[in-house]
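In this chain, residues are counted from 1 in sequence order. Only a predicted model underlies this, so the values are computations on that prediction, with no experimental measurement involved. Whatever order the structure lists them in is the order used to number ligands and atoms, beginning at 1. Atoms considered below: every heavy atom in the structure, side chains included; atoms not considered: hydrogens, waters and symmetry mates.
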Amino acid sequence: ETMKILVATEKPFAKKAVDGIRKIVEDAGYELALLEKYTDKGQLLEAVADVDALIVRSDKVTAEVIAAAKNLKIVVRAGAGYDNVDLAAASARGIVVMNTPGQNSNAVAELALAMMIFMSRNRFTPGTGTELQGKTLGIHAYGNVGRLVGRKGKALGMNVVAYDPFIADGAVFEADGVKKVASVEELYRVSDFLSLHIPATAQTKGSIGYDLMMSMPKGATLVNTARKEVIDEEGVARAMTEREDLKYITDIAAGNQAELDEKFGKRVFATAKKMGAETAEANVNAGLAAANQIVDFLKNGNTRFQVNK
Ligand code: 3PG
């Protein structure tokens with residue numbers, strides 16, 4: 001019987017990426033099904049009923065979705081953060097979950113730098129702005145995205161510092177001319193721009209708030225292209241109320257975004273819909289990697305990018 005692979009994307013991939021995925025899937029002798037721009041979870045529950053493999057973006061793969069997918073063997077999150085997949089539910093059924101690390105990182109890194117320039121130029125409205133050159137850029141977590149932001153920040157003449165509790169090897173930072181700081185507190189204390197690249201986990205949720213923001217230098221900007229869950233939204237609002245020089249820009253609207261917009265005007269900005277990975281290049285890189293990883297798993301048992309080992 002032919003294996004069936006479903007691409008379920010509430011926020012669809014570029015056509016070029018879908019075409020590439022189709023070719024990989026069909027060349028492997030499998031069948032491709034597409035569920036794009038769906039508006040309710042009932043459509044997803046129905047679509048997964050007979051599939052062997054699933055490719056998603058930020059789509060929520062809940063225990064309910066997994067229970068509805070009787071033949072499911074593998075889920076690939078085409079992207080980095082897999083906080084949208086219920087790993088426990090997948091593991092309980094022996095379903096392999098993977099991400100595609102690095103594949104959409106450049107798109108996110110470019111957006112992070114663009115956000116810094118946008119905020120330092122008054123959100124492209126009249127008035128005197130400031131430059132990035134000579135300022136200190138702090139990178140919170142030096143993974144695939146953080147590293148690219150660091151290198152690009154250096155190219156713009158920024159003084160780049162980083163903190164990552166999971167990278168013990170100082171050579172990783174040295175290779176990019178980036179200074180490794182010893183603590184998260186030190187990182188925020190010195191950063192004119194702080195770019196967040198931490199995943200949303202039990203440890204990080206709500207971890208960026210009042211104290212860290214209050215410790216930042218005069219005129220500092222917090223840039224969030226990571227996840228909204230890592231922010232203590234009430235804490236950030238309180239810090240921005242007490243310090244009229246602080247700015248916050250995010251690719252993932254806060255739960256209290258309307259309140260932030262109302263209170264802080266040009267000192268805040270949120271994209272209308274998460275757009276960090278919204279480039280044709282990132283879609284192709286992540287989408288094709290996801291398809292290739294599924295074929296390599298189903299045919300050869302390759303679990304290299306499994307995140308629920
Ligand atoms: C990621 O974790 O890869 C990014 O947040 C991209 O998410 P998206 O596929 O929903 O755009």
Side-chain angles (χ1 to χ4, degrees), residues 5-18 20-21 34-39 41 44 53-62 65 75-87 90 97-115 139-149 164 166 195-205 208 222-231 249-255 257 270-294 305-308:
I5 288 131
L6 173 69
V7 175
T9 47
E10 178 269 323
K11 194 171 63 186
F13 287 125
K15 184 181 179 298
K16 202 178 162 197
V18 178
I21 292 169
L34 267 183
L35 176 69
E36 294 181 315
K37 294 189 190 176
Y38 58 95
T39 48
K41 91 178 169 195
L44 180 58
L54 176 61
I55 296 175
V56 293
R57 293 185 62 172
S58 291
D59 307 77
K60 288 193 170 50
V61 184
T62 60
V65 171
V75 178
V76 180
R77 191 281 190 245
Y82 46 86
D83 47 302
N84 53 317
V85 181
D86 188 329
L87 294 189
V97 180
M98 297 184 186
N99 63 350
T100 64
Q103 299 292 350
N104 61 17
S105 302
N106 191 66
V108 182
E110 287 189 11
L111 183 71
L113 268 308
M115 285 179 147
I139 301 182
H140 192 171
Y142 211 61
N144 288 310
V145 184
R147 219 162 284 185
L148 287 169
V149 173
D164 192 317
F166 299 103
S195 199
L196 279 169
H197 302 293
I198 54 178
T201 66
Q203 288 73 40
T204 65
K205 281 182 184 163
I208 312 301
L222 179 62
V223 179
N224 185 8
T225 56
R227 288 291 181 271
K228 81 183 179 82
E229 288 80 4
V230 304
I231 303 288
I249 181 163
T250 180
D251 189 28
I252 326 93
Q257 193 64 45
T271 54
K273 188 160 191 154
K274 190 170 80 163
M275 57 179 288
E278 284 292 82
T279 67
E281 293 89 339
N283 281 187
V284 168
N285 292 341
L288 271 56
N292 280 321
Q293 287 172 212
I294 286 174
F305 295 106
Q306 185 173 357
V307 295
N308 64 337

For K15, what residues pass the salt bridge (Lys or Arg N to Asp or Glu O under 4.0 Å) criterion, not counting sequence neighbours?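 If we apply the salt bridge (Lys or Arg N to Asp or Glu O under 4.0 Å) test to K15, skipping adjacent residues, the hits are D19.
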Taking salt bridge (Lys or Arg N to Asp or Glu O under 4.0 Å) as the definition, give me every residue that meets it alongside E110, ordered by chain and number, with sequence neighbours left out.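 Scan of E110 (salt bridge (Lys or Arg N to Asp or Glu O under 4.0 Å), adjacent residues dropped) gives none.
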So if I apply the side-chain contact (heavy atoms from CB on, under 4.5 Å) rule between T225 and each of K274, M275, M115, which one comes out positive?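 Output: one option passes, namely M115.
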Whether the side chain of T100 engages the backbone of G79 through a donor-acceptor N/O pair (distance < 3.5 Å, no angle test) should be reported.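 Yes; at least one donor-acceptor contact below 3.5 Å.
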Check: N99 main-chain N/O paired with Q293 side-chain donor or acceptor under 3.5 Å: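 Pair found, side chain donor or acceptor close to backbone of N99.
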Might you list the protein residues in contact with ligand 1, defined as having a heavy atom under 4.0 Å from one of its atoms, sorted by chain and number?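 Within the 4.0 Å shell of ligand 1, which is judged on heavy atoms, sit K11, R57, S58, R77, G79, A80, G81, N104, R227, K274, A277.
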Among residues at least two apart in sequence or on other chains, which ones pass side-chain hydrogen bond (donor to acceptor under 3.5 Å, both in side chains) with K41?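 Partners of K41 by the side-chain hydrogen bond (donor to acceptor under 3.5 Å, both in side chains) criterion, ordered by chain and then number, come out as E64.
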